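Read through the structure below, which is laid out as structure tokens, and then see the notes.
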There are 2 protein chains.
Amino acid sequence: MSDAYPKPDVSVDVVLLTLVEGKLHVALHVRTKRPDKGTLALPGGQVHVDDDDEVDLEATAYRVLREKVGLVPRYLEQLRTFSGRERDPTRGFTVSISHVALIPYEELKAVGDGVFHFYSVDDLPRLAFDHAAQVSEAVQRLRNKASYSTLPCWLLPEAFTLTQLQVVYEQIFGETVKRGTFRSRLGIKVQDVRPGEAVDEAEILVATDQFQGGKQRPARLFKVNRLSLFRRAFW
Amino acid sequence: MSDAYPKPDVSVDVVLLTLVEGKLHVALHVRTKRPDKGTLALPGGQVHVDDDDEVDLEATAYRVLREKVGLVPRYLEQLRTFSGRERDPTRGFTVSISHVALIPYEELKAVGDGVFHFYSVDDLPRLAFDHAAQVSEAVQRLRNKASYSTLPCWLLPEAFTLTQLQVVYEQIFGETVKRGTFRSRLGIKVQDVRPGEAVDEAEILVATDQFQGGKQRPARLFKVNRLSLFRRAFW
DNA sequence: TAAATAGTGTCTGTAAGACATTATTCG
DNA sequence: CGAATAATGTCTTACAGACACTATTTA
């Protein structure tokens, strides 16, 4: 009965975001097949419904990143499902479950396969299909969640200083913030916290026993426990 | 090439929420087909990829509601795409694009086809497939968005009093709030606003020239302009 | 000690929440 | 006028934001 209807094509796309030199960038590659051959596109792929390891579409997204970019993202979430018969006229009605992934650029540099390159999200060329809309919505989602959560932590290495974290927030929003204000928002009193303990009662950040020293007073390194939401928005 | 892979089944489900006697309810019907015959389920259906009117999956969701419940919702948004080979063992790997719809109960009563019935979301029986998870996420989404937006307005008739709106917010959160606090949060000064004008600079609510009088001082009726976001969360 | 950045303390203005008061209808 | 609910005003407290100050390292 349910097989009476022809099925639409189902694929998964991933908007992989990272910070390069202080600006948000997205991973794109040049399509080698038609349609839109020669145009920049997001990593994506079909669902392997016969592969027992592919338990759901999230597993598909992880496989796409593993096969095409060569790594496991520290953060991945479903963005939205894009659909319609105009997305790819050669295939008719198609459905694409779009995802957002965040990876620190250090990890991406280490892989560096040369197939994917990073483009500033504020200065994109023409993209294939509706991929420009997907990037746009992914950046919106990141900006929005950044205003009330610890999501930007996943654009940094596992351990980071509070100043590094503040800079990431500022870069995402394009606005500066006073250091005192930033820290009081996190509810942080760094000095009377022991390594391994959470910095605040909400357990947003965990202090490590490591410090990052440059040519001045060293800064304590922190880790993020899990994605935490703030009671009040930042900006 | 892309047709080398077998395609998963794609369907659309709708979590239709409404307020019945002050409590959130969801529309469910008893399945008449296997699998899960006799179990309560959400309205849903396959995509009609050959129907030119079905431009995308949102159109599919609207058609499902039109055909199965008999009306056009005042609010509809995509929730999340559920997928996997365990959802419906008889069909293998399936994909369902879940939606949330809000309708004032007055409209639903007027239709009343007898096929769908409303169950309190806080006291659900066993549902078919992963529909319980879909309802749970839909309610979470509503509670979350209610805390920083005018979304609850779509559970009320087109025109409503501020007290009615406050009660809806309180019912969604399960907490009471002082009347003065509620109104100052909306930035509302009712009396010096002319009908048709927005009540606040953010144009969240628009005053009508109508009043709803009971056995006491009549309350001004308002309409909502569009979905608006607050700068600060409510609760 | 000078430079540089890390981290904290203090003050002020704004706004949320509690509570009291006024306004407008009906009977 | 009393009852009932609408709508607003006032006071207190909490917190965001600005700014200045102290702390700890290297050179």
Side-chain angles (χ1 to χ4, degrees), chain A residues 146-148 156 159-170 173 175-195 197-202 204-222 229-235, chain B residues 146-148 156 159-170 173 175-195 197-202 204-222 229-235:
Chain A
S147 71
Y148 63 87
L156 288 172
F160 48 83
T161 69
L162 293 182
T163 300
Q164 287 174 337
L165 183 59
Q166 179 179 340
V167 169
V168 172
Y169 273 96
E170 289 175 342
F173 289 110
E175 288 183 59
T176 59
V177 63
K178 296 287 176 288
R179 199 168 54 230
T181 301
F182 182 76
R183 286 164 191 236
S184 65
R185 275 295 189 85
L186 294 177
I188 287 182
K189 290 291 162 54
V190 171
Q191 288 187 335
D192 38 47
V193 169
R194 304 230 195 102
E197 279 182 7
V199 163
D200 52 318
E201 68 285 352
I204 291 175
L205 296 178
V206 179
T208 71
D209 54 358
Q210 297 175 301
F211 288 84
Q212 176 175 300
K215 307 175 208 295
Q216 69 289 330
R217 174 174 176 175
R220 189 182 279 277
L221 292 173
F222 293 85
L229 308 182
F230 305 146
R231 267 196 63 251
R232 305 171 76 109
F234 253 106
W235 268 269
Chain B
S147 70
Y148 63 87
L156 288 172
F160 48 83
T161 69
L162 293 183
T163 300
Q164 287 174 337
L165 183 60
Q166 180 180 339
V167 169
V168 172
Y169 273 96
E170 289 176 342
F173 289 111
E175 288 182 59
T176 60
V177 63
K178 297 286 174 289
R179 199 165 55 226
T181 300
F182 181 76
R183 286 163 192 236
S184 65
R185 274 294 189 86
L186 294 176
I188 286 181
K189 288 292 159 55
V190 171
Q191 290 189 333
D192 37 49
V193 170
R194 305 231 195 98
E197 280 183 5
V199 162
D200 52 319
E201 69 284 352
I204 290 175
L205 296 178
V206 179
T208 71
D209 54 357
Q210 298 175 297
F211 288 83
Q212 175 175 302
K215 309 176 205 291
Q216 66 290 326
R217 175 174 176 176
R220 190 182 277 279
L221 292 172
F222 293 85
L229 307 182
F230 306 144
R231 267 195 62 252
R232 304 172 76 112
F234 253 106
W235 269 270

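None of the values given here were measured: they were computed from a predicted structure. Every chain is numbered from 1, with letters handed out A, B, ... down the list of sequences. Below, each value reflects all heavy atoms present in this structure, side chains not excepted, and no hydrogens, waters or symmetry copies.
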*Starting at atom CZ of A:F173, determine the distance to atom P of D:dG17, rounded to an integer number of angstrom.*
12 Å
*Please state whether the phosphate of C:dG7, meaning OP1 or OP2, lies under 4.0 angstrom from any side-chain nitrogen or oxygen of A:R183.*
yes
_Atom pair distance, as rounded to whole Å: CZ in B:F182 and C1' in D:dA6_ = 14 Å
*Which listed nucleotide (D:dA16, D:dT8, C:dT5) is nearest to the side chain of A:Q216?*
C:dT5
*asked:* For B:Q216, give me all partners under side chain to side chain contact (heavy atoms under 4.5 Å, CB included), at least two apart in sequence or on another chain.
replied: none
*Want to settle it: does A:K215 or A:G180 sit nearer the 5' end of DNA chain C, counting the closest nucleotide to each?*
A:K215
*Separation of atom CG in A:L186 from atom P in C:dT8, rounded to whole Å*: 12 Å
_Side chain of A:T181, heavy atoms from C-beta onward: which of D:dA18, C:dA6, D:dT5 has the nearest atom to it?_
D:dA18
Hey, what are the protein-to-nucleotides 10-12 of chain C N/O distances that come in under 3.5 Å?
none

*Any idea which heavy atoms bring A:L221 and A:T208 closest together, and the distance?*
O-OG1, 2.8 Å
*How far apart are the closest heavy atoms of A:F211 and A:P218, and which atoms are they?*
CB-CB, 3.8 Å
*Measure the distance from CD on B:E170 to P on C:dG17 and round it to the nearest whole Å.*
13 Å
*Using whole Å, report how far CD of B:Q166 lies from C1' of C:dG17.*
13 Å
*At under 4.0 Å, does any side-chain N or O of A:R179 touch on OP1 or OP2 of D:dG17?*
no
_Residue A:R185, side-chain heavy atoms: nucleotide from D:dA16, C:dT5, C:dA16 that is nearest_ = D:dA16
_Please tell me if A:T163 has a side-chain N or O lying less than 4.0 Å from either OP1 or OP2 of C:dA6._
yes
*Can you tell me how far C1' of C:dT8 sits from CG of A:L162, to the nearest Å?*
13 Å
*For B:F222 and D:dA6, what is the distance between atoms CZ and C1' respectively, to the nearest whole Å?*
11 Å
*Give the minimum heavy-atom separation between B:T163 and B:R183, together with the two atoms involved.*
OG1-NH2, 3.6 Å
*Distance-minimising heavy-atom pair for A:E170 and A:V177*: OE2-N, 2.9 Å
_Minimum heavy-atom separation for B:F222 and B:L205, please, with both atom names._
CD2-CB, 4.4 Å
*Spacing between B:Q212 atom CD and C:dC26 atom P, to the nearest angstrom*: 14 Å
*Specify the closest pair of heavy atoms between A:R220 and A:D209, including all atoms of both residues, with the distance to one decimal.*
NH1-CA, 4.2 Å
